[in-house]
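Reviewing the structure listed below.
Quick caveat: nothing in here was measured; it's all calculated off a predicted structure. A, B, ... follow the sequence lines: proteins, then strands. Residue 1 opens every chain. Just the heavy atoms: all of them, side chains too, but no hydrogens, waters or symmetry mates, feed the values below.
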Amino acid sequence: MSALTILRTYAQKADPASIPSSVLFEHTAKSITIIDAYPKSRFHFLILPRASAYPPLTVSNLANLRSLLKCDKDRAKEVLTDLSEDAKRIRTCIEEEMVKRFGFKWAIWTGFHSVPSMEHLHLHVISADLCSPSMKVKKHYNSFHPKLGFFLSLDDVLSWFDATPSYFQTVSQLKKTEYEPYLKEDLSCFHCSESFKNMPKLKEHLQEEWNKMSKREKSKLERKRKRETEENENTNSNAENDPVPPLKKPEQEEDLSTK
DNA sequence: GTTCTAGAAC
DNA sequence: GTTCTAGAAC
């Protein structure tokens, strides 16, 4: 089967449960969520609108964002808002898993590639780390870089529907010539903008950025936990006494939070 | 995505 | 001289 149309065959399944469990994450009447076969971050899912869920839209209307945005505006918006709801649920699952596996939560991006590499509309739900063995070449990295322009956040796309009709017209063309050059831009860290000469150097740096984030977030959680314990002890020990003054933040805490 | 090759890095 | 990497070709 062609790699380019694999998503379409999933989206056309009458019974999504027949999709291998190593691929399928979950499905609803309207969508199918799969685990990306080549994850570009620690968590990377794709949400596909099911081919028969949006009559009279056809599988060719659902080929990509461009083809969808050419359809009746209300119908297109319905597909996207449904995907948005699904994404919200998936993000919650990812966050739970982040806490279970890594002990803290970090950002999750939800959006489309402006120029997709596979047939059938697919919404990326991807953790904001871009650390993965499958992240190999510049094109991979730049296609998810949140500040570059190639990656279109779903919220941005939804905001196009509230813009002027002429803006919607223009932006919904998603011209390849406009977006493809982003993929060739120099490698720069999405956290700190530092630039890198090659992928191995960038990947090493992204891992360091993630380690820093992990430390920062975990100590934040630790301070929160301590504070809550203290507050509880305080409440209990003073339960029979008169009103207690609010707890003051220790000096040390102020310092750490600014770092 | 994988394979091949030129050129950079070491 | 050998290894590594980016980019082109498929």
Side-chain angles (χ1 to χ4, degrees), chain A residues 1-13 16 18-25 31-51 59-60 62-68 83 90 94 108-154 174-211:
Chain A
M1 190 186 303
S2 163
L4 294 169
T5 55
I6 184 96
L7 298 184
R8 176 176 289 160
T9 56
Y10 292 151
Q12 288 178 311
K13 293 267 186 192
S18 67
I19 298 170
S21 62
S22 57
V23 177
L24 182 68
F25 182 71
S31 76
I32 290 175
T33 301
I34 63 166
I35 303 160
D36 195 294
Y38 300 94
K40 303 305 190 293
S41 274
R42 289 190 162 82
F43 299 92
H44 190 180
F45 294 85
L46 305 177
I47 309 178
L48 325 174
R50 293 179 68 176
V59 73
S60 73
L62 295 170
N64 51 56
L65 188 57
R66 196 169 106 97
S67 63
L68 178 67
L83 288 174
I90 302 299
I94 295 176
I108 300 168
W109 299 321
T110 302
F112 301 98
H113 279 161
S114 47
V115 184
S117 53
M118 283 186 289
E119 294 277 348
H120 201 81
L121 185 69
H122 51 285
L123 179 65
H124 293 272
V125 180
I126 182 169
S127 58
D129 48 90
L130 303 183
C131 294
S132 163
S134 300
M135 170 64 77
K136 289 180 173 167
V137 299
K138 182 191 267 185
K139 183 170 71 173
H140 294 157
Y141 179 75
N142 282 347
S143 74
F144 289 103
H145 193 306
K147 295 162 195 161
L148 219 51
F150 189 89
F151 187 78
L152 304 173
S153 86
L154 176 56
L174 295 169
K175 289 184 184 156
K176 274 193 188 184
T177 52
E178 189 177 322
Y179 289 95
E180 274 177 340
Y182 289 129
L183 298 176
K184 312 226 175 200
E185 289 200 9
D186 290 348
L187 296 170
S188 80
C189 172
F190 72 87
H191 297 276
C192 71
S193 305
E194 185 178 348
S195 54
F196 293 86
K197 285 230 179 315
N198 56 46
M199 284 298 288
K201 296 251 169 65
L202 172 68
K203 282 169 65 91
E204 197 185 338
H205 174 81
L206 290 174
Q207 183 59 52
E208 286 166 9
E209 287 281 9
W210 187 83
N211 292 345

[X] [atom1] to [N] [atom2], straight-line distance once rounded to whole Å:
| X | N | atom1 | atom2 | result |
| --- | --- | --- | --- | --- |
| A:Phe196 | C:dA6 | CZ | C1' | 17 Å |
| A:His140 | C:dA6 | NE2 | C1' | 13 Å |
| A:Lys201 | C:dA6 | NZ | P | 9 Å |
| A:Leu4 | B:dT2 | CG | P | 13 Å |
| A:Leu183 | C:dA6 | CG | C1' | 15 Å |
| A:Lys139 | C:dT5 | NZ | P | 19 Å |
| A:Asn198 | B:dG7 | CG | P | 18 Å |
| A:Lys197 | B:dA9 | NZ | P | 8 Å |

Review point. For A:Lys136 and C:dG7, is the shortest distance between a side-chain N/O and OP1 or OP2 below 4.0 Å?
Key: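 Checking C:dG7 against A:Lys136, no side-chain N or O comes under 4.0 Å of OP1 or OP2.
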
**Study point:** A:Lys147 atom NZ, neighbour heavy-atom count above 12 within 6.0 Å
**Key:**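 Atom NZ in A:Lys147 is packed in, count exceeds 12.
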
Review point. Considering residues, nucleotides and ligands other than A:Glu194, do more than 12 of their heavy atoms fall under 6.0 Å from its CD?
Key: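 For A:Glu194, atom CD is crowded (more than 12 foreign heavy atoms under 6.0 Å).
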
Exercise for review: Looking only at side-chain atoms of A:Lys184, point me to the closest of C:dT5, C:dG7, C:dA8.
Suggested key: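 Nearest to the side chain of A:Lys184 among the choices is C:dA8.
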
Check your understanding: When we call it a touch if two heavy atoms are under 4.0 Å apart, what does A:Lys40 touch: a base, just sugar-phosphate, or nothing?
Key ->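 Sugar-phosphate: the residue A:Lys40, judged by heavy atoms under 4.0 Å, touches backbone atoms but no base.
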
Check your understanding: Can you find a heavy atom in the side chain of A:Ile126 that is under 4.5 Å from one in the side chain of A:Trp109?
Key ->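 Sidechains of A:Trp109 and A:Ile126: in contact.
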
**Study point:** Parallel, tilted or perpendicular, as decided by the 30° and 60° cut-offs, for the rings of A:His124 and A:His44
**Key:**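 Correct class here is tilted.
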
